[in-house]
Amino acid sequence: MDCLFCKIVQGTIPSRKVYEDDLVVAFHDIQPQAPVHLLVIPKKHIATMNDCEENDSALLGHILMKAQEIAREAGLADNGYRLVNNCGRDAGQIVYHIHWHILGGEKLAPLNPKPQADCE
Ligand code: 5GP
Ligand code: ZN
């Protein structure tokens, strides 16, 4: 299969790996958007969040728990971090092998720059 992240899993394309186990790989993003920008991916090829099935539930849980651990190892736990999955065209997904971005190391731009006034 002609998939960039499958090639990173197989090692035919090099990456700066920070973690690997039987199910997942984590590595530095090639074009970092924050002082710390890591990607966590399953070794299994799943194109997008839309393609996950019920029997991927344990894998998805594993990915999130590993993301927590990897973020802590990267020193992000205290100040916090953003965990992002882009799904499909409107979200700007570029690589169609599911992945989570771990972004941190600075105060990130808020998703909603103009918070609504409390409505009570
Ligand atoms: P997406 O927009 O699909 O959520 O994010 C894909 C990410 O993969 C981008 O942040 C991009 O910089 C990163 N990326 C693309 N090609 C490579 C590569 O060859 N190596 C690494 N390490 N990251 C890549
Ligand atoms: Zn793939």
Side-chain angles (χ1 to χ4, degrees):
M1 183 183 305
D2 195 24
C3 168
L4 181 68
F5 285 178
C6 282
K7 288 177 182 162
I8 283 181
V9 168
Q10 289 151 15
T12 50
I13 288 180
S15 67
R16 289 169 59 212
K17 282 187 192 153
V18 296
Y19 179 80
E20 179 168 10
D21 65 21
D22 289 349
L23 298 174
V24 310
V25 181
F27 52 92
H28 287 271
D29 195 290
I30 205 167
Q31 212 177 317
Q33 300 301 308
V36 178
H37 188 171
L38 302 169
L39 299 171
V40 188
I41 73 172
K43 288 188 169 176
K44 175 183 176 183
H45 181 86
I46 302 173
T48 81
M49 197 62 220
N50 282 335
D51 301 294
C52 292
E53 296 173 354
E54 198 56 43
N55 63 10
D56 293 315
S57 298
L59 175 61
L60 292 170
H62 183 72
I63 290 168
L64 292 182
M65 291 312 297
K66 285 301 159 189
Q68 180 206 65
E69 190 179 309
I70 291 159
R72 191 185 310 113
E73 284 292 314
L76 303 178
D78 285 350
N79 286 346
Y81 52 91
R82 186 169 289 154
L83 197 55
V84 176
N85 168 250
N86 291 319
C87 176
R89 193 181 50 216
D90 278 3
Q93 185 175 0
I94 295 166
V95 179
Y96 278 75
H97 178 131
I98 198 168
H99 53 276
W100 279 258
H101 300 254
I102 299 174
L103 295 150
E106 67 181 8
K107 192 152 180 61
L108 301 167
L111 286 180
N112 182 350
K114 289 186 199 158
Q116 299 294 308
D118 284 345
C119 39
E120 286 189 82

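Order of listing sets the numbers, starting from 1, for every ligand and every atom in it.
Side chain of Glu73 to backbone of Gly75: no donor-acceptor contact under 3.5 angstrom is found.
Two rings, from His97 and His99, have their centers 6.0 Å or more apart.
Set against the non-hydrogen atoms of His101, the atoms of ligand 1 under 4.0 Å away are 1 (P), 4 (O), 5 (O), 7 (C), 10 (O). Residue Ile8 approaches ligand 1 through these ligand atoms, each under 4.0 Å from one of its heavy atoms: 20 (N). The distance from ligand 1 to the heavy atoms of Phe5 drops below 4.0 Å at these ligand atoms: 8 (O). When each atom of ligand 1 is checked for a heavy atom of Ile94 under 4.0 Å away, the hits are 1 (P), 2 (O), 3 (O). For ligand 1, the atoms closer than 4.0 angstrom to any heavy atom of Gly92 are 2 (O). Ligand-side atoms of ligand 1 in range of Gln31: 12 (O), range being under 4.0 angstrom from any heavy atom.
Counting heavy-atom neighbours within 6.0 Å of Asp78 CG, excluding the residue itself, gives a total of 12 or less. The local environment of CG in Asn79 is sparse, with at most 12 non-hydrogen atoms from other residues, nucleotides or ligands closer than 6.0 Å.
Within the 4.0 Å heavy-atom criterion, neither part of Tyr96 lies near ligand 1. Residue Arg16 does not touch ligand 1, judged by heavy-atom distances below 4.0 Å. Of all the heavy atoms of His99, the ones lying under 4.0 Å from any atom of ligand 1 belong exclusively to the side chain. Neither the backbone nor the side chain of Val84 comes within 4.0 Å of ligand 1, counting heavy atoms alone.
Nearest heavy atoms, Val36 versus Gly105: CG2-CA, 4.5 Å. For the residue pair Ala74 and Leu38, the shortest heavy atom distance occurs at CB-CD1, 4.2 Å. In terms of heavy-atom proximity, Tyr96 sits nearest to Arg89 at OH-N, 3.5 Å.
Not a single heavy atom of Ser15 sits under 4.0 Å from any atom of ligand 1.
His97 contributes ND1 as its N, O or S atom closest to the Zn ion (ligand 2).
Ion pair Arg72/Glu69 not flagged as a salt bridge, since none of the NZ, NE, NH1 or NH2 atoms sits closer than 4.0 Å to an Asp/Glu carboxylate oxygen.
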Pair Leu111-Arg82, side chain to side chain contact (heavy atoms under 4.5 Å, CB included): steps then yes or no: CA-CA 10 Å; Leu111 286 180; Arg82 186 169 289 154; 4.3 Å; yes
Step-by-step side chain to side chain contact (heavy atoms under 4.5 Å, CB included) determination, Leu108 to Tyr81: CA-CA 8 Å; Leu108 301 167; Tyr81 52 91; 5.9 Å; no
Any chance you could lay out the side chain to side chain contact (heavy atoms under 4.5 Å, CB included) test for Lys43 and Glu20, step after step, and finish with the verdict? CA-CA 9 Å; Lys43 288 188 169 176; Glu20 179 168 10; 2.9 Å; yes
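By heavy-atom distance, the residue among Asp29, Ile41, Leu39 lying nearest atom 9 (C) of ligand 1 is Asp29. Distances from atom 24 (C) of ligand 1 to the heavy atoms of Ile98, Asn86, Ile30, Asn85 show the closest one on Ile30.
For the pair ND1 of His45 and SG of Cys3, the angle whose vertex sits at the Zn ion (ligand 2) is 110° to 10 degrees.
At least one N or O atom of His28, backbone or side chain, sits closer than 3.5 Å to an N or O atom of ligand 1. Considering both main-chain and side-chain atoms, Ile13 never comes within under 3.5 Å of ligand 1 through any nitrogen or oxygen pair.
Counting only heavy atoms of the protein, atom 16 (N) of ligand 1 lies nearest to Leu4 CD2, 3.2 Å.
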